[in-house]
**Q** 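Before I ask anything, let me first share the structure, which is written out below as structure tokens.
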There are 2 protein chains.
Amino acid sequence: MPIMTESKMSAADEIAKQLTEAIHEHRLQPGAKLREDEICDIFGVSRTLVRQALRSLEFEGLLTIQKNRGAFVAKPSLKEAREVFQARSLIEPSIARMAAERSKSEDIQELEKHIKREHAALDQGEAGLALKLSGDFHLKIAEIADQETLEQFLRQLISRSSLVIALYWRRRNALCESNAHHDLITAIGERDADSAEEFMKSHLLDIYSQLDLQERDGGFTSLRDALRQ
Amino acid sequence: MPIMTESKMSAADEIAKQLTEAIHEHRLQPGAKLREDEICDIFGVSRTLVRQALRSLEFEGLLTIQKNRGAFVAKPSLKEAREVFQARSLIEPSIARMAAERSKSEDIQELEKHIKREHAALDQGEAGLALKLSGDFHLKIAEIADQETLEQFLRQLISRSSLVIALYWRRRNALCESNAHHDLITAIGERDADSAEEFMKSHLLDIYSQLDLQERDGGFTSLRDALRQ
DNA sequence: TAATCAGTGATTGTATACGATCCAGCACAC
DNA sequence: GTGTGCTGGATCGTATACAATCACTGATTA
């Protein structure tokens, strides 16, 4: 049982982290139920800690906890899906700008390492992992910008983006990463703040345009789910 | 013992809400310790629920929880203080714009009611309450803009702003509200998106400029606090 | 056959109990 | 007098126990 692989974290944080990863990588689909006892068995801890972890994921918007019913992987509505990407379009270009203004050479190296891992995952057909890494890439830029507050918010937005993509992505397997990330690295590396901002803006618009965010009735896996409010 | 004054909330949420209010109104100062047992006595519940509440306030950035040491009202650093207002300057003008585009007449009435309560609180010398209401005013605008995701983030930013003001406000008692809020209402009521955006921008800049965010050595109440990282 | 209702098992919500950690005060040595 | 090590009490972290709630099954009836 791999508990406390990272020493400084509380056990609850470790559970939260692993659950988060599973959701980001789409190993847990929106709507999936997370029973407390099951998670207790898996991690070998009591419900106390599991509930703490679930609650923290609820805060990040990854889970919906219904009283006396349990925790479910969240299913963002169309409105929320649009809001998430509107919010990202609002803050990420500025973040990219700041990152470009403050980047050091080792930052660029890290970004490039990151992009390599992304491509490797794509080549091996691990779409879920690639998606998670793509999110991490955006977070890494916020880190370079040295904006902890915005980074924290962006973390939530990216978490939700992952759910949005699981629900509304048009072409299931083709996560055509284009070379948007590469362009971003270049601009940031050259301290070209204007270009970095612009690339980020169009990159997000590109993702957004590949989502199917039209109003529609169905898409539910079962009638029961459809009627659960 | 006033538990569960609002029926739909869980007890933990109610505790969190009341603690949040106390911090927003500066009845609890940054650095204050919140002992679990004490809160248990006050609300008449077990530590289980109190800990849930404390944890949720930690997520909002209002508390810092140190392992085996307890929960303390957060003391934002200078960097964090700046970041909070930078973030607000980034998103709130856009929120004001959207609010102006979508406002209905009843929204304006609500905002005006709000501003009246603010002035009333100021007149009665309840600076803490006035500050909290001022934050609520900004949140109300996000609500009118119908942007739940940004609203949620703004809620956190305003929470932290309250702490920042407690720590770094120059003129302790003079919360010179000027007529910035009034100007905002006018612009939003007239659907003047450009003005709303502009007023919000300068309003935030105005607040920011009244903070004392210069680098300094002291300001610590004790060496102990100074060294606690 | 379809609908309703009661009972039962499963699951979550809350309280309590126990063990671990930390801090303050005091004794003691230097 | 100052610094160091120990001990008791306070406080927190985690596990367990019990209560409340919900969902499902199956019997009953129209």
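Nothing here was measured: the structure is a model prediction, and the numbers come from that model. Each chain gets a letter, A, B and so on, in the order its sequence line appears, and its residues count up from 1.
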**Q** Between atom CD in Gln66(B) and atom P in dA10(D), what is the gap in whole Å?
**A** 21 Å
**Q** Just how far, in rounded Å, is C1' of dG9(C) from CG of Asp37(A)?
**A** 13 Å
**Q** Rounded off to whole Å, could you give me the CD-to-P distance for the Glu36(B) and dC22(C) pair?
**A** 15 Å
**Q** Starting at CD of Glu38(B) and ending at P of dT11(D), how long is that distance when rounded to a whole Å?
**A** 9 Å
**Q** Is there a side-chain polar atom (N or O) of Thr48(B) under 4.0 Å from OP1 or OP2 of dT14(C)?
**A** no
**Q** Taking NZ, NE, NH1 and NH2 as the nitrogens, is one of them in Glu106(B) or Lys104(B) under 4.0 Å from a carboxylate oxygen of the other?
**A** no
**Q** Whole Å only: how far is the CG atom of Leu63(A) from the P atom of dT12(C)?
**A** 12 Å
**Q** To the nearest angstrom, how far is Phe43(B) atom CZ from dT14(C) atom P?
**A** 15 Å
**Q** Answer yes or no: is there an ion pair linking Glu60(A) with Arg155(A), defined by an N-O contact shorter than 4.0 Å?
**A** no
**Q** Could Lys79(B) and Asp146(A) be called an ion pair, given the rule that one side-chain N must be under 4.0 Å from one carboxylate O?
**A** yes
**Q** As a test of reading the structure: which of dA15(D), dA15(C), dC12(D) is closest to the side chain of Leu49(A), going by heavy atoms?
**A** dA15(D)
**Q** May I ask you to verify if any side-chain N or O of Arg69(A) is less than 4.0 angstrom from the OP1 or OP2 atom of dA23(D)?
**A** yes
**Q** What nucleotide among dT14(C), dT14(D), dT12(C) has an atom nearest to a side-chain atom of Lys67(A)?
**A** dT14(C)
**Q** In this structure, how many angstroms lie between the C1' atom of dT14(D) and the CD atom of Glu14(A), rounded?
**A** 17 Å
**Q** Round to a whole Å and report the spacing from CD1 of Ile65(B) to P of dC12(D).
**A** 10 Å
**Q** Which nucleotide wins on minimum distance to the side chain of Arg47(A), given the candidates dT14(C), dT11(C), dA15(D)?
**A** dT14(C)
**Q** Nearest to the side chain of Asn68(A), heavy atoms from C-beta on, is which of dT21(C), dT14(C), dT21(D)?
**A** dT21(D)
**Q** Does Asp13(B) come within less than 4.0 Å of Arg55(A), counting only side-chain N to carboxylate O?
**A** yes
**Q** From the options dT16(D), dT12(C), dC12(D), select the nucleotide whose nearest atom is closest to the side chain of Ser46(A).
**A** dT16(D)
**Q** Measure centre to centre between the rings of His114(A) and His181(A), then say whether the value is under 6.0 Å.
**A** no
